[in-house]
Amino acid sequence: MPETLCKICGLRREEDLRLCHELGVGFTGFIFARQSPRFVEPEAVAALPVHYPASPAGRPLRVGVFAGESLDEIRRVASMARLDLLQVHGGEDEDFCRALRPERVIKTLWPQRLDRQGLEREMRRFSPVCAWYLLDAGQSGGGSGGKLDWRDLAGLRPPRPWLLAGGLGPDSLPAALATCSPDGVDLNSALESAPGEKDHSRMREAVAIVKRASGGQRG
């Protein structure tokens with residue numbers, strides 16, 4: 001069974017980042033959109049360790065989340081915070097993504113404002129300028145915390161791997177994974193006790209669910 005990647009986003013505290021490394025998640029996410037309650041300054045992320053000795057499968061890739069920031073600002077933050085991937089939520093076009101370097105771009109799309117054909121068309125449109133897609137609930141901007149209708153995404157076979165987002169946590173992950181088989185999942189608010197404060201028991205439970213769905217491979 002193919003590996004399902006786990007991304008834990010909205011990180012602000014070192015203890016939460018350390019646990020991500022210990023659990024062997026694939027991506028760790030930091031939000032640099034100032035309108036988010038999980039906004040973190042790039043200087044704070046720069047001060048966080050990139051490696052922890054306890055990480056069982058190599059360090060996770062660091063993802064910066066942006067929603068409408070300029071190209072120059074994204075580049076500045078990416079350099080300062082030592083980011084590997086850049087997740088864009090602001091309606092950026094192909095030229096914008098290309099300027100960030102396609103191999104670093106996670107392009108966000110919103111299935112709730114597109115029919116299936118429209119979603120597949122957008123995926124084809126952006127396939128030359130991104131490495132991943134992220135399919136989120138809502139209509140635009142940053143994460144809404146709402147849920148998608150996973151049945152609408154069943155059988156999706158886009159030209160790039162994709163992450164499923166939208167209020168996913170231990171209660172909803174089994175059904176989401178079984179229904180639409182994403183290449184990865186993006187977890188945030190459903191793992192929290194407060195914005196930017198992860199509940200470690202829920203983190204452990206969610207990653208265990210993803211690993212079971214992947215046949216026990218890396219989260």
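All residue numbers refer to positions in the sequence shown, counting from 1. Not measured: the values here are computed from a predicted model.
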Donor-acceptor under 3.5 Å ([X] side chain, [Y] main chain):
| X | Y | answer |
| --- | --- | --- |
| Arg82 | Arg62 | no |
| Ser189 | Gly167 | no |
| Lys107 | Val129 | no |
| Arg116 | Asp152 | yes |
| Arg104 | Leu86 | no |
| Arg202 | Ala190 | yes |

Write down the atom of [X], the atom of [Y], and the distance for their closest heavy-atom approach.
| X | Y | answer |
| --- | --- | --- |
| Val88 | Thr108 | O-OG1, 3.0 Å |
| Pro60 | Asp84 | O-OD2, 4.4 Å |
| Pro49 | Leu17 | O-CD2, 3.7 Å |
| Leu191 | Pro170 | CD2-CD, 3.8 Å |
| Pro161 | Asp183 | CA-OD2, 3.2 Å |
| Gly166 | Ala137 | CA-CB, 4.3 Å |

Atom pair [atom1] ([X]) and [atom2] ([Y]), whose distance is rounded to the nearest 0.5 Å:
| X | Y | atom1 | atom2 | result |
| --- | --- | --- | --- | --- |
| Leu134 | Leu109 | CG | CG | 8.5 Å |
| Lys7 | Leu164 | NZ | CG | 12.0 Å |
| Leu85 | Ile106 | CG | CD1 | 5.0 Å |
| Arg13 | Leu48 | CZ | CG | 12.0 Å |
| Gln87 | Asp136 | CD | CG | 8.0 Å |
| Asp115 | Glu120 | CG | CD | 9.0 Å |

Mind checking whether [X] and [Y] have side chains closer than 4.5 Å, heavy atoms only?
| X | Y | value |
| --- | --- | --- |
| Pro158 | Trp132 | no |
| Glu41 | Arg34 | yes |
| Leu83 | Phe66 | yes |
| Cys6 | Lys211 | no |
| Leu11 | Val40 | no |
| Met80 | Val77 | no |
| Val105 | Phe96 | no |
| Cys9 | Leu187 | no |

Checklist entry - Are the charged groups of Arg18 and Glu15 less than 4.0 angstrom apart, N to O? => result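 No, no charged N to carboxylate O under 4.0 Å.
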Checklist entry - Looking at residues at least two apart in the chain, or sitting in another chain, which of them share a ring-ring contact (aromatic ring centres under 6.0 Å, His included) with Trp162? => result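 Trp162 satisfies ring-ring contact (aromatic ring centres under 6.0 Å, His included) with no other residue.
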Checklist entry - Given the rule in the side chain to side chain contact (heavy atoms under 4.5 Å, CB included) test, do Arg121 and Leu114 qualify, once you have shown the distances and angles that lead to the verdict? => result CA-CA 10 Å; Arg121 187 164 53 248; Leu114 298 164; over 6 Å; no
Item to check | Other residues, nucleotides, ligands: >12 heavy atoms within 6.0 Å of Gln117 CD | outcome: no
Checklist entry - Pick one: which of Ile8, Leu168, Ile31 meets side-chain contact (heavy atoms from CB on, under 4.5 Å) with Asn188? => result Ile31
Checklist entry - Parallel, tilted or perpendicular: which describes the rings of Tyr52 and His21, with under 30° parallel and over 60° perpendicular? => result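 Tyr52 and His21: perpendicular rings.
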Item to check | salt bridge (Lys or Arg N to Asp or Glu O under 4.0 Å) evaluation trace for Arg125 with Glu122 | outcome: CA-CA 5 Å; Arg125 173 188 168 197; Glu122 284 293 277; 3.2 Å; yes
Next on the checklist: If you apply the rule salt bridge (Lys or Arg N to Asp or Glu O under 4.0 Å), what do you find for Arg98 with Glu94, and how did you get there?
Outcome noted: CA-CA 6 Å; Arg98 190 177 293 109; Glu94 297 99 308; over 6 Å; no
Next on the checklist: Could you walk me through whether Phe32 and Val65 satisfy the side chain to side chain contact (heavy atoms under 4.5 Å, CB included) test, starting with their C-alpha distance in whole Å, then the side-chain angles of each, then the deciding distance to 0.1 Å, before giving a yes or no?
Outcome noted: CA-CA 6 Å; Phe32 299 105; Val65 179; 5.9 Å; no
